[in-house]
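Nothing fancy with the numbering, it's 1 onward along the sequence.
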Amino acid sequence: MLRYFQLKGRGEETEIHAIVSLLLAIYCMIFSNELIGGMGGLPIWSGILLSYYIMRLVAKSKSNICHTLPIGSRKEVDYILCGYILIFMVSWGIVKIMVVASRMIGWSNLNGMSPGEYIDSIYGSSLFERWAYFIAWIIVAAFAISLFPLVVIKTKRFFMLYLLIDSGIFYVVCKVIIVTCGSFLPQKNRRMHIKTLLDYMLVCHMPRRLVATGIIGLMGIGLALIVLLVRKISHVIYAPSKVNTSNKKLKKIKEYIELSQEEKKAHKIKKLKITVSVLFAIFCLGVGLVKIGKIIKYNIQDEEGVSYVKVAECLTNDKAFGPICYKNKIYVPIDETFNFDKNGGKPLGYLGYKGQNCQTQLYKLTIGNMLYKNMNDDPKYKYCLEMSGADYNSYKRVDKVEKEAFYKQDKVFVLWDEDWINETSYGADKTGYTIIEKGFVERLVERFGKIKYNPNDFKSYDTYFTIRSYQESKSVNGSEIVNGNWVGCILVKNNKFYFGNFKNQITGIELKELLDILGGNINQPLKTIKK
């Protein structure tokens with residue numbers, strides 16, 4: 001193999017080849033980051049760039065080595081494939097180690113952890129807790145190796161066709177894994193910001209070590225089968241083309257050569273007219289089918305009454321804990337699951353996030369968060385609604401929640417920021433919240449009493465906070481965040497703080513306590529506090 005590469009040498013480098021290598025590497029990086037996640041990024045970019053660039057040059061080399069080293073096209077493909085895999089694995093590994101090391105000694109290691117502690121904090125504390133990362137890496141490697149035929153493909157059209165088909169197959173495989181993992185997740189987990197295949201696998205914890213090991217083993221076998229498949233495809237592509245020497249073919253070639261220049265030109269014009277006519281007919285047929293499809297779609301919608309519009313909207317950017325507005329009434333999230341969508345509930349229309357357009361085809365096909373209400377006469381669900389679709393949440397009218405006052409039985413109180421996020425969608429470290437004392441909450445409630453919420457107040461605030469309560473701290477710090485019980489909310493406008501609405505300005509000792517909680521400067525409002 002080494003002798004082969006020594007004899008083969010390097011092909012002619014061109015600007016186009018360098019640009020194609022760069023574009024392919026960027027495409028693979030984006031595809032991996034958006035769909036698989038975690039094990040892609042800069043490592044896969046460098047791996048694809050180097051392996052494709054170098055091996056494509058080798059495959060395109062014009063040097064004839066047959067007399068020096070007897071070798072067939074199949075053996076050449078095997079050598080090039082081995083070189084491609086080796087370069088990808090080595091370059092991916094080196095860059096991955098460099099990325100992790102640079103983060104560990106840089107800004108992302110704020111706690112000054114040792115290398116072992118830092119690796120454990122990212123990839124889990126034991127080998128079997130890292131099963132999802134192994135699977136994600138195998139999928140990334142399989143995607144990169146499956147693109148090997150691009151090294152030996154000769155035509156641009158076939159190049160693009162293979163790239164699109166291969167990407168589509170991996171997209172479907174990843175979506176199947178995502179749907180499978182998502183089917184095992186409780187509804188509350190689905191509220192977390194999980195997007196990629198790796199996120200879903202890490203949230204869907206593997207229950208047994210044996211199962212994890214078996215899955216990783218099967219994925220390894222699948223990777224080997226992919227190597228054999230692309231090897232076979234590349235053998236077919238790289239093999240010398242067989243010349244069709246049939247008498248009929250030779251006769252046509254001879255007749256065409258004997259034609260005059262004018263006859264050849266007329267022949268080309270005729271073929272061009274036929275091609276244009278066929279393309280125009282296909283275009284007309286496609287337009288007709290689209291029109292018929294739209295008519296059928298609108299008729300079905302009219303008959304079944306499924307042409308929904310947005311009927312409710314989140315009032316804040318806090319999708320998990322913030323309130324929503326339906327028919328000018330405010331509803332807040334509660335920790336219950338009604339399954340109205342499966343138990344005969346009535347779909348009211350779309351529930352959109354703040355400022356979200358729910359009328360696009362993309363929203364209807366991929367998100368479609370419907371708002372349901374109960375159709376039975378059970379008084380328990382009279383003031384309850386439920387969102388079902390890409391996300392799940394249950395809601396109850398805020399005045400009924402205030403009347404129940406379940407928060408009085410709780411011990412842990414949390415002030416959630418509007419833009420709170422998970423540090424990782426699957427980790428236990430969260431940001432955007434502050435633990436507050438129960439006494440502070442009780443003084444607020446005692447001072448302002450029952451709150452009359454006004455949806456218009458949520459259109460002009462500067463900052464928003466939600467106050468919720470929990471029985472125990474693990475409900476906030478655990479791997480799964482629950483909604484808890486609604487206590488109230490704080491609106492900030494023009495550096496003034498309000499409890500529930502803009503009529504309830506927080507002043508005095510409560511303001512001082514609130515600023516201490518938020519870590520703000522209390523010197524500025526001292527005059528207000530003294531008053």
Tell me whether the rings of Phe458 and Tyr461 are parallel (<30°), tilted (30 to 60°) or perpendicular (>60°).
perpendicular
When you compare the side chain of Glu386 with that of Tyr395, does any pair of heavy atoms fall below 4.5 Å?
no
Tell me the closest heavy-atom pair linking Tyr464 and Gly322, and the distance in Å.
OH-CA, 4.0 Å
Heavy-atom closest pair, residues Tyr453 and Gly500:
CD2-O, 3.4 Å
Nearest 0.5 Å please: distance from the CD atom of Gln471 over to the CD atom of Gln409.
7.0 Å
Just so I know, are the side chains of Val441 and Leu444 near enough to count as touching, which here means a heavy-atom distance under 4.5 Å?
no
Any side-chain heavy-atom pair from Leu518 and Phe465 closer than 4.5 angstrom?
yes
Pairing donors with acceptors under 3.5 angstrom, does anything connect the side chains of Asn483 and Asn393?
yes
Is there side-chain contact between Phe143 and Ser167, with heavy atoms separated by less than 4.5 Å?
yes
Atom CG of Asp410 and atom CG of Asn485: how far apart are they, to the nearest 0.5 Å?
5.0 Å
Taking Asp516 first and then Lys512, would you say they form a salt bridge - that is, a charged N and a carboxylate O separated by under 4.0 Å?
yes
Please lay out, stage by stage, how Arg443 and Glu513 fare under the test salt bridge (charged side-chain N to carboxylate O under 4.0 Å, His left out).
CA-CA 11 Å; Arg443 284 189 290 274; Glu513 288 184 286; 2.5 Å; yes
Quick check for you: to the nearest 0.5 Å, what is the distance between Leu511 atom CG and Lys496 atom NZ?
11.5 Å
Donor-acceptor pair, side chain of Ser91 and main chain of Phe88, under 3.5 angstrom:
yes
I want to check something: taking the side chain as every heavy atom from C-beta on, are Leu385 and Leu348 in contact at a cut-off of under 4.5 Å?
yes
Classify the ring geometry between Tyr470 and Trp416 as parallel (under 30°), tilted (30 to 60°) or perpendicular (over 60°).
perpendicular
As a quick check of understanding, evaluate salt bridge (charged side-chain N to carboxylate O under 4.0 Å, His left out) for Lys380 and Asp378, giving each step before the final call.
CA-CA 5 Å; Lys380 179 181 177 181; Asp378 191 341; over 6 Å; no
Is the shortest heavy-atom distance from the side chain of Phe406 to the side chain of Ile334 under 4.5 Å?
no
Show your reasoning for whether side-chain contact (heavy atoms from CB on, under 4.5 Å) applies to Ile145 and Met89.
CA-CA 10 Å; Ile145 294 172; Met89 295 296 184; 4.1 Å; yes
For the rings on Tyr381 and Phe340, is their centre-to-centre separation under 6.0 Å?
yes
Correct closest heavy-atom pair for Met387 and Leu371 would be N-CD1, 4.4 Å
Step-by-step side-chain contact (heavy atoms from CB on, under 4.5 Å) determination, Thr507 to Arg447
CA-CA 11 Å; Thr507 57; Arg447 177 175 176 179; 2.6 Å; yes
Between Cys358 and Lys310, which heavy-atom pair has the shortest distance, and what is it?
SG-CD, 3.5 Å
Does Ile169 offer a backbone N or O that forms a donor-acceptor pair with the side chain of Asp166 under 3.5 Å?
no
Side-chain (Asp318) to main-chain (Ala320) donor-acceptor, under 3.5 angstrom:
yes
